[in-house]
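From a predicted model like this one, the values you see are computed outputs, not experimental measurements. Values below: every heavy atom of this structure, side chains too, minus hydrogens, waters and symmetry copies.
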Amino acid sequence: MADETGHLPRGPGRILKATRWSLQGLAAAWLHESSFRLEVYLFVVLAPLALWLGADGIERALLVAPMLLVMAAELLNSAVEAVIERYGAEHHELAGRAKDMGSAAVFVLMLNVLLCWGLVLGPRLL
């Protein structure tokens with residue numbers, strides 16, 4: 001969908017605004033979402049380890065990128081939960097299903113982290 005400028009490329013001012021909004025979202029997740037903070041802590045510990053253990057750029061990317069995907073999914077899951085809570089805390093089957101599916105998406109991506117780490121580093125351990 002086109003914004004008010006149509007399909008023209010965004011200028012530097014719009015890019016700066018979008019960056020500011022993204023940083024506000026990261027700050028909100030950090031302040032209000034303990035799961036996101038835990039995932040950031042794990043990333044801070046595991047990313048340098050991944051860069052050290054990866055034999056080349058491809059392996060390093062396969063070790064680091066899945067962790068970034070987990071954090072991105074956590075942000076989306078938190079956004080879904082915030083919207084649902086905005087409309088009330090009472091239980092609704094569809095709201096519960098949406099929250100569970102968001103949580104499942106994060107879980108699947110966490111399994112992806114384990115799979116990538118296992119496939120890249122496992123043969124070295126055997």
So, taking the atom named CE in Met71 and the one named CZ in Phe36, what distance separates them when rounded to the nearest 0.5 Å? 6.5 Å

Any link between Leu94 and Val83 through a network of hydrophobic side chains (Ile, Leu, Val, Met, Phe, Trp, Tyr) touching at under 4.5 Å? no

Quick one: OG on Ser103 to CD on Glu81, what's the gap to the nearest 0.5 Å? 7.5 Å

Do other residues, nucleotides or ligands put more than 12 heavy atoms under 6.0 Å from Arg86 CZ? no

Walk me through whether Val113 and Leu63 qualify under side-chain contact (heavy atoms from CB on, under 4.5 Å). CA-CA 7 Å; Val113 170; Leu63 296 174; over 6 Å; no

With a 4.0 Å cut-off, would you call Glu93 and Arg97 a salt bridge? yes

Consider only side-chain heavy atoms of I, L, V, M, F, W and Y, link residues closer than 4.5 Å, and tell whether Val64 and Leu26 are in one cluster. yes

Cluster question for you: counting only ILVMFWY and a side-chain heavy-atom cut-off of under 4.5 Å, with indirect links fine, are Val108 and Leu42 together? no

Indicate every side-chain donor-acceptor pair of residues 47-59 with a distance under 3.5 Å to a residue at least two apart or in another chain.
residue : atom : partner : partner atom : Å
Asp56   : OD1  : Ile58   : N            : 3.2
Asp56   : OD1  : Glu59   : N            : 2.9
Glu59   : OE1  : Ala55   : N            : 2.8
Glu59   : OE1  : Arg124  : NH2          : 2.1
Glu59   : OE2  : Arg124  : NH2          : 3.1

Euclidean distance, Ser22 OG relative to Ile15 CD1, rounded to 0.5 Å: 11.5 Å

Which heavy atom of Phe43 sits nearest to which heavy atom of Met67, and what is that distance? CD1-CB, 3.7 Å

Verdict with supporting geometry, Leu46 and Trp117, side-chain contact (heavy atoms from CB on, under 4.5 Å): CA-CA 11 Å; Leu46 294 175; Trp117 279 66; 4.2 Å; yes

Might you point out which heavy atoms bring Ala61 and Pro66 nearest each other, and give the distance in Å? O-CD, 3.8 Å

Val44 reachable from Leu31 in the ILVMFWY side-chain graph, under 4.5 Å edges: no

Under the side-chain contact (heavy atoms from CB on, under 4.5 Å) criterion, do Leu109 and Glu74 qualify, and how do the steps go? CA-CA 10 Å; Leu109 287 172; Glu74 187 65 52; over 6 Å; no

Using 0.5 Å steps for rounding, measure from the CD atom of Glu90 to the NE2 atom of His92. 8.5 Å

Evaluation steps, side-chain contact (heavy atoms from CB on, under 4.5 Å), between Ile84 and Lys99: CA-CA 8 Å; Ile84 289 170; Lys99 289 172 123 180; 3.6 Å; yes

Do you reckon Leu68 sits in the same ILVMFWY cluster as Val120, going by side-chain contacts under 4.5 Å, direct or chained? yes

